[in-house]
Amino acid sequence: MMGNCKKIIEHLNSEDPQEIREACFRIGEEECRDGIPYLVELLKSNNVGIQEAAELSLRKLGGEESVEALIPLLWEEDVAVRNVAIDILRDIGDQGLYILINLLEEDDPDIRIFVVDILGYTNNLMVVKPLCEILSRDPNPNVKSQAAISLGRLGCLEAVSCLEQALNDEDWVKFSAIEALKKIGSESSAEILINYLGKASDLIDSAIIDALGEMGKVRVVPVLLNKLDTDNIPLRNKVIQALMNLLGKRILEILNKSQKERFE
């Protein structure tokens, strides 16, 4: 097998793009792990067919070796190449978690954002704690915001507590935390959002009302009905939309006269 892999890898030096492309495919099919560094380098090829073949084989091979070999591309200046690397890492990153988690200490906030984003696709509970730590202590609000987004994508109840704490952060982070709590969609998430209504700006209240309307929890209806009395017309419109999302035309059956007048 090793001898066969060596011969396949030698074909990567060919002048013929089709031969290189075929060799890339075969590295994946024959599980030639020694070919991983070559495949990563070929992601930079100007030939789209070679790029695609290298990408497919890297996804197929996976493993810590592939994760480790792809990491340097996070610093790649060519945005297209970097994005391909990030997308592959989203797919196989759970196979090299400790490598990615260690990168959360990088000085460059862009690298931390990339890694936090990738961790959000791993479907692994192990990443909740490091993501929550980033959400609570990272000095960059964009990194914190991405951490909240990733926690929402993971959808783990274990993240609810740190997302609640993030509601005390600046608005950019708050919006992402609200969206994440909505995606988790638990009773505790809804309770946190209800309790936070009226404690920040109208924009934050608007985001919370949108989230409550999309979470499908009918028990929030009385809370939203109370908000119909606001003099803030855009906010009132948000409340009406949320109530319609939750109850549809049935909402008219539970409104009192004053509320109906405002609603109409």
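What's counted below: heavy atoms across the whole structure, side chains too, no hydrogens, waters or symmetry copies.
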Take a 6.0 Å sphere around [atom1] of [X] and say whether it holds more than 12 heavy atoms from other residues, nucleotides or ligands.
| X | atom1 | value |
| --- | --- | --- |
| Y121 | OH | yes |
| W172 | CH2 | no |
| N46 | CG | no |

Does a side chain donor of either D94 or N124 reach within less than 3.5 Å of an acceptor in the other side chain?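 Looking only at side-chain atoms, N124 and D94 do not form any donor-acceptor pair under 3.5 Å.
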
N245 side chain to E214 side chain, donor-acceptor N/O pair below 3.5 angstrom: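 On atom types as modelled, these side chains do not qualify, holding no pair under 3.5 Å.
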
Short N-O contact, E187 and R219, less than 4.0 angstrom: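 Answer for the salt bridge query: yes.
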
So does E65 pair up with R33, basic N to acidic O under 4.0 Å? yes

I'd like to know if the side chain of [X] reaches the main chain of [Y], judged simply by a donor and an acceptor atom lying under 3.5 Å from each other, with no hydrogens or angles considered.
| X | Y | value |
| --- | --- | --- |
| K227 | P222 | no |
| S176 | A148 | no |
| E30 | C32 | no |
| Q146 | V116 | no |
| R112 | E106 | yes |
| S57 | A54 | no |
| S150 | A147 | no |

Atom [atom1] of [X] and atom [atom2] of [Y]: how far apart are they, to the nearest 0.5 Å?
| X | Y | atom1 | atom2 | result |
| --- | --- | --- | --- | --- |
| C24 | Q51 | SG | CD | 10.5 Å |
| D34 | L39 | CG | CG | 11.0 Å |
| Y38 | I20 | OH | CD1 | 13.5 Å |
| S145 | D169 | OG | CG | 9.5 Å |
| L193 | L181 | CG | CG | 5.0 Å |
| L154 | T122 | CG | OG1 | 5.5 Å |

I would like to know whether I149 and E179 meet side chain to side chain contact (heavy atoms under 4.5 Å, CB included); could you show each step before the answer? CA-CA 7 Å; I149 292 168; E179 183 69 15; over 6 Å; no

Hey, mind stepping through R26 and E22 against salt bridge (charged side-chain N to carboxylate O under 4.0 Å, His left out) and telling me if it holds? CA-CA 6 Å; R26 289 191 62 198; E22 186 61 33; 5.6 Å; no

Looking at every non-hydrogen atom in both residues, tell me the closest pair between [X] and [Y] and how far apart they are.
| X | Y | value |
| --- | --- | --- |
| S186 | V160 | OG-CG2, 4.1 Å |
| I50 | N47 | N-OD1, 3.0 Å |
| I208 | Y196 | CD1-CD2, 3.7 Å |
| L12 | A23 | CD2-CB, 3.7 Å |
| A211 | I178 | CB-CG2, 3.9 Å |
| G185 | M215 | CA-CE, 3.7 Å |

Kindly determine whether K144 and D138 satisfy salt bridge (charged side-chain N to carboxylate O under 4.0 Å, His left out), including the steps that lead there. CA-CA 6 Å; K144 286 184 174 183; D138 199 281; over 6 Å; no

Begin with the C-alpha distance, continue with both residues' side-chain angles, and end with the deciding distance and a verdict on side chain to side chain contact (heavy atoms under 4.5 Å, CB included) for Y98 and E64. CA-CA 9 Å; Y98 77 95; E64 288 185 7; 3.4 Å; yes

Steps toward side chain to side chain contact (heavy atoms under 4.5 Å, CB included) verdict (I71, L100): CA-CA 8 Å; I71 292 299; L100 291 167; 3.7 Å; yes

I'd like to know if [Y] and [X] are part of one continuous hydrophobic network [Ile/Leu/Val/Met/Phe/Trp/Tyr, side-chain heavy atoms within less than 4.5 Å].
| X | Y | answer |
| --- | --- | --- |
| I99 | L131 | yes |
| I134 | I101 | yes |
| V223 | I209 | yes |
| V218 | I192 | yes |
| F25 | I27 | no |

Candidate list D202, D205, D210, test side-chain hydrogen bond (donor to acceptor under 3.5 Å, both in side chains), partner K238, passing option: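 Looking at D202, D205, D210, the match for K238 under the side-chain hydrogen bond (donor to acceptor under 3.5 Å, both in side chains) is D210.
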
Residue among V143, V127, I111, V115 satisfying side chain to side chain contact (heavy atoms under 4.5 Å, CB included) with L104: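 Output: one option passes, namely V115.
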
Measure the shortest side-chain to side-chain distance between [X] and [Y] over non-hydrogen atoms and say whether it is less than 4.5 angstrom.
| X | Y | answer |
| --- | --- | --- |
| I9 | K6 | no |
| L73 | K44 | yes |
| N168 | K174 | no |
| F114 | R82 | yes |
| R153 | D117 | yes |
| L151 | C156 | no |
| D87 | D91 | no |
| I86 | L70 | no |

Assess the residue pair M126 and L97 against the criterion (side chain to side chain contact (heavy atoms under 4.5 Å, CB included)); give the C-alpha distance rounded to whole Å, side-chain angles, the decisive distance to 0.1 Å, and a yes or no. CA-CA 9 Å; M126 284 179 59; L97 279 183; 4.3 Å; yes

Could you check R59 against E52 for salt bridge (charged side-chain N to carboxylate O under 4.0 Å, His left out), going step by step and ending with a plain yes or no? CA-CA 11 Å; R59 291 181 190 274; E52 289 177 349; over 6 Å; no

